[in-house]
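Just so you know, residue 1 is the first one in the sequence shown, and it goes up from there.
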Amino acid sequence: MSTAPNRRAVAVILLIPLMVTLALWAFAWPAARIAPRDLPVGVAGPASAAQQLEQRFEQRDGAFDVHRFDDEAAARAAIEDRTVYGAVVATPQGPHLLTASAASPVVSQLLREAVTASVPEDTEVRVTDVVAAPPGDPRGSALGASVLPLALAGMAAGAVVTLMGLRGARAAVTLVGAAALVGLAATAVAHSWLGALTGDWWTVAGVLALTVLAIGSAVAGLAALFGPRGIGLGALLMVLLGNPFSGVTSAPELLPEPVGAIGQWLPPGAGGSLLRSVAFFDGSAAGASVLTLALWTLFGLAAVLFARRAPTPAEPVEPVREPALTG
């Protein structure tokens with residue numbers, strides 16, 4: 001009796017628990033270790049008062065990366081430019097906390113708690129939301145939930161292009177067309193219907209399309225280089241790691257190191273950060289995310305256009321023609 005079926009059964013028995021364990025680690029571990037790690041914040045006001053505020057932040061070693069600003073206007077500008085998540089301004093009436101819930105509602109709440117705990121109980125902390133989250137998504141839930149559907153859409157596009165046997169320019173055009181339609185449909189839902197995103201409609205659609213294109217072309221490119229196994233590798237990078245490491249539901253600086261940094265190098269994390277920039281901050285701090293998405297897209301499309309791979313089961317294998325005999 002052949003042992004091949006038995007080996008495959010044993011492989012499945014071992015593989016399923018391994019995949020579940022890996023998924024639990026990727027999704028649950030970062031969420032269970034949420035805490036500030038070099039979180040950029042600012043302090044402003046007279047030198048002596050600002051120094052006291054800075055020392056209070058620095059008491060939590062490694063938690064905050066403190067920036068000094070001359071006055072409240074400079075602190076507000078830094079928040080709008082996405083240099084810091086928030087700032088505390090020393091005033092004669094007491095500390096004035098500036099936040100940006102559009103950048104991260106979780107960070108805004110964390111700063112409220114941190115500043116309130118650092119002042120005497122009878123001191124009132126005035127809070128101003130400089131860049132507020134939209135009324136349609138005040139807690140950022142819709143934005144955080146959008147990463148997984150985008151990753152799945154890109155995965156589906158790359159996998160279908162591969163399994164249907166599309167190659168070269170035809171595969172590249174299919175990936176671009178699918179990503180463009182996903183961008184338009186997702187913007188119609190999130191921007192026009194739910195009101196979870198603001199900013200220029202077409203710019204938001206372009207960001208969503210670019211994110212899906214980066215994921216889809218990367219998956220198709222990996223499949224072009226490694227065959228059907230590349231689809232599994234793409235799923236590992238884009239869904240199993242890219243989604244929980246993106247930091248969209250909280251902030252990259254709240255995730256364990258180096259998870260937050262790794263997430264920004266993958267398309268889901270870069271796409272989420274870029275979406276925040278164009279939807280709420282007029283494109284501020286968008287350069288690194290655009291570069292990341294562009295590099296993944298170029299890698300994937302180049303592999304699809306130029307890599308040679310073995311045909312998939314859906315593709316016919318051309319028969320080898322024997323030379324004709326003469327004489």
**Report entry** Note, Phe64 side chain near Asp38 side chain (heavy atom, < 4.5 Å)
**Finding:** no
Without placing hydrogens or testing angles, list every side-chain donor-acceptor pair under 3.5 Å for residues 111-118, not counting sequence neighbours.
residue: Glu113; atom: OE2; partner: Gln109; partner atom: NE2; Å: 3.2
residue: Thr116; atom: OG1; partner: Arg112; partner atom: O; Å: 2.7
residue: Ser118; atom: OG; partner: Ala114; partner atom: O; Å: 3.4
residue: Ser118; atom: OG; partner: Val115; partner atom: O; Å: 2.8

Query raised in the report: Less than 4.5 Å apart, any side-chain heavy atom of Leu194 and any of Val189?
Result: yes
Report summary line: Under a side-chain separation threshold of 4.5 Å, the hydrophobic residues clustered together with Leu291 are Leu295
Requested in this report: Tell me, yes or no, whether the heavy-atom count around Trp29 atom CH2, taken from other residues, nucleotides or ligands under 6.0 Å, exceeds 12.
Outcome: yes
Report task. Write down the atom of Pro244, the atom of Leu255, and the distance for their closest heavy-atom approach. Result -> O-CD1, 4.1 Å
Report task. Determine whether the side chains of Ser273 and Gln264 contain a donor N or O and an acceptor N or O closer than 3.5 Å. Result -> yes
Query raised in the report: So which pairs with a foot in residues 33-53 pass ring pair (Phe, Tyr, Trp, His ring centres under 6.0 Å), sequence neighbours left out?
Result: none
Query raised in the report: Any donor and acceptor pair, going by atom type alone, linking the side chain of Arg33 with main-chain N or O of Ala31 inside 3.5 Å?
Result: no
Report task. Measure the shortest side-chain to side-chain distance between Pro268 and Ile215 over non-hydrogen atoms and say whether it is less than 4.5 angstrom. Result -> yes
Report task. Kindly compute the distance separating CZ (Phe245) from CG (Leu266), expressed to the nearest 0.5 Å. Result -> 8.5 Å
Report task. Say whether, by atom type as modelled, one donor and one acceptor occur between the side chain of Asp137 and the main chain of Ala142 under 3.5 angstrom. Result -> yes
Requested in this report: Output, in order, the C-alpha distance, side-chain angles, deciding distance and verdict of side-chain contact (heavy atoms from CB on, under 4.5 Å) for Val239 and Leu152.
Outcome: CA-CA 7 Å; Val239 178; Leu152 293 177; 4.3 Å; yes
Report task. For residues Tyr85 and Leu98, determine if any side-chain heavy atom of one lies less than 4.5 Å from a side-chain heavy atom of the other. Result -> no
Query - Short side-chain to backbone donor-acceptor contact, Ser108 and Ser104, under 3.5 Å - result: yes
Requested in this report: Please assess Trp201 against Ser192 for the test side-chain hydrogen bond (donor to acceptor under 3.5 Å, both in side chains), listing each intermediate value before the final yes or no.
Outcome: CA-CA 8 Å; Trp201 198 96; Ser192 302; 2.8 Å; yes
Report task. Please tell me if the side chains of Glu80 and Val130 come closer than 4.5 Å, counting only heavy atoms from C-beta onward. Result -> yes
**Report entry** Pair Thr292, Trp265: side-chain N/O donor-acceptor within cut-off below 3.5 Å
**Finding:** no
Query raised in the report: Would you say Leu150 and Val204 are hydrophobically clustered, going by side-chain heavy atoms of ILVMFWY under 4.5 Å?
Result: yes
Query raised in the report: Under 3.5 Å, is there a donor-acceptor pair between the side chain of Arg276 and the main chain of Val248?
Result: yes
Requested in this report: Compare every heavy atom of Trp296 with every heavy atom of Ala218, then report the nearest pair and how far apart it is.
Outcome: CB-CE3, 3.6 Å
Query raised in the report: Below 4.5 Å, heavy atoms only, C-beta onward: do Val43 and Val66 meet side chain to side chain?
Result: yes
Query raised in the report: Knowing that exactly one of Leu175, Leu208, Val182, Leu293 qualifies, which makes a side chain to side chain contact (heavy atoms under 4.5 Å, CB included) with Leu213?
Result: Leu175
**Report entry** Backbone N/O of Arg82 and side chain of Ser284: donor-acceptor pair under 3.5 Å
**Finding:** no
Query - Reported CD1-to-CE distance for the pair Ile231 and Met238, which is rounded to 0.5 angstrom - result: 13.0 Å
Query raised in the report: Within a strict 4.5 Å, meaning less than it, do heavy atoms of the Leu143 and Leu275 side chains meet?
Result: yes
Requested in this report: Taking all non-hydrogen atoms of both residues into account, name the closest pair between Gly269 and Ser246 and its distance.
Outcome: CA-CB, 3.5 Å
Query - Under the side-chain hydrogen bond (donor to acceptor under 3.5 Å, both in side chains) test, residues paired with Arg126 that sit two or more places apart - result: His96
Report task. May I ask you to say whether Arg76 pairs ionically with Glu72, meaning some side-chain N is under 4.0 Å from a carboxylate O? Result -> yes
Report summary line: So OG1 of Thr99 and CG of Leu110: to nearest 0.5 Å the spacing works out to 12.0 Å
**Report entry** For the student: nearest non-hydrogen atoms of Val304 and Ala172, plus distance
**Finding:** CG1-N, 4.2 Å
**Report entry** Closest non-hydrogen atom pair between Pro46 and Ala90, with its separation
**Finding:** CD-O, 3.8 Å
Query raised in the report: For Ala209, what residues pass the side chain to side chain contact (heavy atoms under 4.5 Å, CB included) criterion, not counting sequence neighbours?
Result: none
Query raised in the report: Within the distance-only criterion (no hydrogens, no angle test), does the side chain of His191 pair as donor or acceptor with the backbone N or O of Gly199 below 3.5 angstrom?
Result: yes
**Report entry** Closest non-hydrogen atom pair between Gly45 and Ala50, with its separation
**Finding:** O-CB, 4.0 Å
Requested in this report: Any side-chain hydrogen bond (donor to acceptor under 3.5 Å, both in side chains) involving residues 40-64? Give me the pairs, sequence neighbours left out, ordered by first then second residue.
Outcome: Glu54-Arg68
Query raised in the report: Is it true that a side-chain atom of Ser101 and a backbone atom of Ala133 form a donor plus acceptor pair closer than 3.5 Å?
Result: yes
Query raised in the report: Are Leu298 and Val219 linked, directly or through other ILVMFWY residues, by side chains that come within less than 4.5 angstrom of each other?
Result: no
Query raised in the report: Cluster question for you: counting only ILVMFWY and a side-chain heavy-atom cut-off of under 4.5 Å, with indirect links fine, are Leu236 and Val259 together?
Result: yes
Report task. Hey, could you give me the CG/CZ distance between Leu240 and Phe27, rounded to the nearest 0.5 Å? Result -> 6.0 Å
Query - Within-4.5 Å side-chain heavy-atom neighbours: Ile79 and Phe69 - result: no
Requested in this report: Could you walk me through whether Glu257 and Arg37 pass side-chain contact (heavy atoms from CB on, under 4.5 Å), step by step?
Outcome: CA-CA 8 Å; Glu257 297 178 348; Arg37 297 170 176 87; 4.1 Å; yes
**Report entry** Phe281 with Val41, same ILVMFWY side-chain cluster at under 4.5 Å
**Finding:** no
Query raised in the report: How many angstroms lie between CG in Leu274 and CG in Leu210, if you round to the nearest 0.5 Å?
Result: 7.0 Å
Requested in this report: Would you kindly confirm whether Val89 and Val131 end up in one hydrophobic cluster when ILVMFWY residues are joined by side chain heavy atoms under 4.5 Å apart?
Outcome: yes
**Report entry** Interatomic spacing from CG in Leu254 to OG1 in Thr249 - rounded to 0.5 Å
**Finding:** 9.0 Å
